[in-house]
Amino acid sequence: MDKKQYLLDKRYLKMANIWAQNSYCKRRQVGAILVKDQMIISDGYNGTPSGFENICEDENNKTKPYVLHAEANAITKVAKSGNSSDGATMYVTSSPCMECSKIIIQAGIKRVVFTDNYRLEDGIELLKRANIEVVQVEIED
C-alpha cells in the first residue's frame, strides 16, 4: 500500500471513530464510513432502528436483538439515498461480523478497512473468500 492511501485510510478511520460517538450503545460504539470516488457517500453507527428508543442494551446489559450494526446502517442509508455502494470502500472501527460481511459482499463493496478486531473473525474470513480487500490499520501513532 502506498503512503498516500495509508494516510487516507487513517483519516477516514478517524472520521469513523468520531462518528461512532453518535451511538447510544453503552457496551460498544462502532462507526462506519462509506467512500467511493474519494467522496463519503454514507455513514453509520450502531444503534436501534429509526423510531425506536435509543437504548441498545436490556436490563442485563445484553445488546437487544434488533440493534443494527454500523455497517448495516451505512449500507441501508446509501441504498435509501438512491446512490450505489458498488466498488466503494468501507471504513469501520471494528472488523465486520458474519452478518455484516454478507451485506458488504451483496452491496458490492470492494475494500474494508478497520481498526479493532471483533471477537469473532469469521466475517473477515468470508470477506477474503469473496476477494474483498481487507486491511487493518491502527489510527494511533
Side-chain angles (χ1 to χ4, degrees), residues 1-2 4-141:
M1 177 184 344
D2 68 10
K4 183 178 178 184
Q5 185 62 59
Y6 176 74
L7 291 173
L8 280 173
D9 287 349
K10 285 181 70 156
R11 288 182 184 131
Y12 283 125
L13 282 171
K14 285 179 183 177
M15 292 172 76
N17 197 47
I18 290 168
W19 203 244
Q21 296 171 23
N22 288 316
S23 173
Y24 286 90
C25 297
K26 294 176 183 162
R27 289 180 58 226
R28 184 176 195 149
Q29 294 179 314
V30 179
I33 303 284
L34 263 176
V35 176
K36 183 176 178 180
D37 300 325
Q38 300 173 358
M39 292 183 298
I40 296 171
I41 60 169
S42 191
D43 52 55
Y45 51 87
N46 57 326
T48 57
S50 298
F52 282 63
E53 74 289 346
N54 286 321
I55 301 169
C56 298
E57 295 84 11
D58 64 18
E59 60 279 352
N60 298 317
N61 202 34
K62 301 273 274 183
T63 300
K64 293 179 179 178
Y66 52 85
V67 168
L68 291 158
H69 288 189
E71 302 95 323
N73 268 327
I75 291 168
T76 55
K77 189 175 180 180
V78 77
K80 192 174 182 180
S81 75
N83 288 323
S84 171
S85 56
D86 196 40
T89 296
M90 175 167 280
Y91 293 90
V92 61
T93 58
S94 180
S95 61
C97 69
M98 177 62 84
E99 293 303 311
C100 287
S101 292
K102 290 189 272 187
I103 296 169
I104 289 167
I105 293 165
Q106 291 301 98
I109 295 166
K110 296 299 179 203
R111 188 166 182 262
V112 174
V113 183
F114 69 95
T115 304
D116 297 327
N117 285 310
Y118 181 62
R119 60 183 171 83
L120 302 173
E121 293 191 16
D122 53 355
I124 292 295
E125 295 308 315
L126 185 68
L127 292 174
K128 290 177 181 176
R129 183 174 170 198
N131 293 317
I132 293 174
E133 182 183 355
V134 178
V135 180
Q136 184 172 17
V137 175
E138 296 294 325
I139 58 173
E140 301 301 322
D141 282 330

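Sequential numbering from 1 along the given sequence is applied to the chain's residues. Atoms considered below: every heavy atom in the structure, side chains included; atoms not considered: hydrogens, waters and symmetry mates.
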Query raised in the report: What are the two closest non-hydrogen atoms of Asn61 and Arg27, and how far apart are they?
Result: O-CD, 2.8 Å

Query raised in the report: Just by distance, with hydrogens left out, do Asp86 and Ser84 show a side-chain donor and acceptor under 3.5 Å apart?
Result: no

Requested in this report: Please confirm whether the backbone N or O of Val78 pairs with a side-chain atom of Asn83, one donor and one acceptor, at under 3.5 Å?
Outcome: no

Query raised in the report: Crowded around Lys64 NZ? As in, over 12 foreign heavy atoms under 6.0 Å?
Result: yes

Query raised in the report: Does Tyr118 offer a backbone N or O that forms a donor-acceptor pair with the side chain of Ser95 under 3.5 Å?
Result: yes

Requested in this report: Measure the CZ-CD distance between Arg28 and Glu57 for me, rounded to the nearest 0.5 Å.
Outcome: 12.5 Å

Report task. Report the distance from atom SG of Cys25 to atom CG of Asn46, rounding to the nearest 0.5 Å. Result -> 4.0 Å

Query - Side chain Thr93, main chain Gly31, donor-acceptor under 3.5 Å - result: yes

Report task. Report, as yes or no, whether the 6.0 Å neighbourhood of atom CD on Glu125 holds more than 12 heavy atoms from other residues, nucleotides or ligands. Result -> yes

Query raised in the report: If you measure from CZ on Arg129 to CD1 on Ile105, what distance do you get to the nearest 0.5 Å?
Result: 9.0 Å

Query raised in the report: Of the non-hydrogen atoms in Gln29 and Ala20, which two are nearest, and what is the gap between them?
Result: CB-O, 3.5 Å

Requested in this report: Check the pair Tyr45, Asn73 against side-chain contact (heavy atoms from CB on, under 4.5 Å), reporting the backbone distance first and the verdict last.
Outcome: CA-CA 7 Å; Tyr45 51 87; Asn73 268 327; 5.6 Å; no

Query raised in the report: Heavy atoms, side chains only, cut-off 4.5 Å: are Leu127 and Pro96 in contact?
Result: yes

Requested in this report: Would you give the length of the straight line joining atom NZ of Lys110 to atom CG of Asn131, rounded to the nearest 0.5 angstrom?
Outcome: 8.5 Å

Requested in this report: Decide yes or no on side-chain contact (heavy atoms from CB on, under 4.5 Å) for Leu120 and Met98, but give the supporting numbers first.
Outcome: CA-CA 8 Å; Leu120 302 173; Met98 177 62 84; over 6 Å; no

Report task. Just do the side chain to side chain donor-acceptor pair (under 3.5 Å) check on Asp9 and Tyr91 with the steps written out, would you? Result -> CA-CA 8 Å; Asp9 287 349; Tyr91 293 90; 2.8 Å; yes

Report task. For Met15 and Asp43, run side-chain contact (heavy atoms from CB on, under 4.5 Å): C-alpha distance rounded to whole Å, both residues' side-chain angles, the deciding distance at 0.1 Å, then the answer. Result -> CA-CA 10 Å; Met15 292 172 76; Asp43 52 55; over 6 Å; no

Query raised in the report: How many angstroms lie between CD1 in Ile18 and CG in Leu13, if you round to the nearest 0.5 Å?
Result: 11.5 Å

Requested in this report: Please name the pair of heavy atoms, one in Cys56 and one in Gly47, separated by the smallest distance, quoted to 0.1 Å.
Outcome: SG-CA, 4.0 Å

Report task. Determine yes or no for a side-chain-to-main-chain donor-acceptor pair under 3.5 angstrom, with Glu71 supplying the side chain and Val92 the backbone. Result -> no

Query - Polar side-chain atom of Ser23 near backbone of Val30 as donor-acceptor pair, under 3.5 Å - result: no

Query - Where Ser101 and Gly123 come nearest, the two heavy atoms and their spacing - result: OG-O, 2.9 Å

Query raised in the report: Val112 and side-chain contact (heavy atoms from CB on, under 4.5 Å): which partner among Ile124, Thr89, Ile132?
Result: Ile132

Query raised in the report: Which pair of heavy atoms, one from Ala74 and one from Ala32, lies closest together, and at what distance?
Result: CB-CB, 4.3 Å

Report task. Taking Thr48 for its side chain and Glu53 for its backbone only, find out whether a donor-acceptor pair lies under 3.5 Å. Result -> yes

Report task. Indicate yes or no for a side-chain donor-acceptor contact from Asp58 to the backbone of Asn60 under 3.5 Å, with no hydrogens or angles considered. Result -> yes

Query raised in the report: Going through the distances and angles, do Thr76 and Leu68 end up as a side-chain contact (heavy atoms from CB on, under 4.5 Å)?
Result: CA-CA 10 Å; Thr76 55; Leu68 291 158; 5.8 Å; no

Query raised in the report: Going from CD1 on Ile33 to NZ on Lys14, what distance comes out if it is rounded to the nearest 0.5 angstrom?
Result: 14.0 Å

Query - Expected output: side-chain Gln136 to main-chain Phe114 donor-acceptor under 3.5 Å - result: no

